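A quick note: this is a predicted structure, and the numbers were derived from the prediction, not measured.
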Amino acid sequence: MNLDRAVLAFAGVMILISIALVHFVSPWWLLFTAFIGLNMLQASFTGFCPAAMLFRRLGIASGCAFK
């Protein structure tokens with residue numbers, strides 16, 4: 001798995017977790033879902049992604065999106 005796929009998988013898992021939290025805990029967890037979406041949007045324009053930085057430090061090989 002390269003860095004690009006790891007970031008996409010992490011974002012997908014976080015969105016699924018936030019949907020479960022909205023359903024079982026409180027609708028306020030939609031703010032967390034919005035935060036994830038905004039972070040993905042800004043990463044697509046700027047190339048800055050904290051999750052990519054963390055995964056890179058964990059030794060995951062770089063992909064073409066995050067160099």
Side-chain angles (χ1 to χ4, degrees):
M1 179 178 285
N2 64 19
L3 186 62
D4 304 339
R5 290 179 186 236
V7 169
L8 290 174
F10 180 70
V13 167
M14 295 307 290
I15 288 175
L16 290 174
I17 289 171
S18 69
I19 289 171
L21 288 169
V22 167
H23 181 72
F24 293 113
V25 180
S26 169
W28 284 101
W29 283 102
L30 283 172
L31 294 174
F32 183 52
T33 310
F35 171 75
I36 296 166
L38 287 172
N39 191 21
M40 292 174 65
L41 184 64
Q42 71 83 25
S44 70
F45 286 109
T46 65
F48 173 75
C49 179
M53 293 170 35
L54 175 69
F55 289 140
R56 189 175 296 127
R57 286 188 182 181
L58 292 174
I60 296 179
S62 183
C64 60
F66 298 104
K67 288 187 178 186

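- Pro50 pairs by the side-chain contact (heavy atoms from CB on, under 4.5 Å) definition with Asn39, Phe48, not counting sequence neighbours.
- In this structure, Val22 is not a member of the same hydrophobic cluster as Leu38, with clusters built from ILVMFWY side-chain heavy atoms closer than 4.5 Å.
- Met40 is listed as a side-chain neighbour of Ile36, based on a closest heavy-atom distance under 4.5 Å.
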For residues 28-35, which side-chain donor-acceptor pairs fall under 3.5 Å, sequence neighbours excluded?
unit_1, atom_1, unit_2, atom_2, d
Thr33, OG1, Ser18, OG, 2.7

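- By the side-chain hydrogen bond (donor to acceptor under 3.5 Å, both in side chains) test, Ser26 pairs with no residue at all, sequence neighbours left out.
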Run the side-chain donor-acceptor check on residues 7-14: report pairs under 3.5 Å with partners two or more places apart or on a different chain.
none

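- Remark: Ala6 engages Met1, Phe55, Ile60 in a side-chain contact (heavy atoms from CB on, under 4.5 Å) (not counting sequence neighbours).
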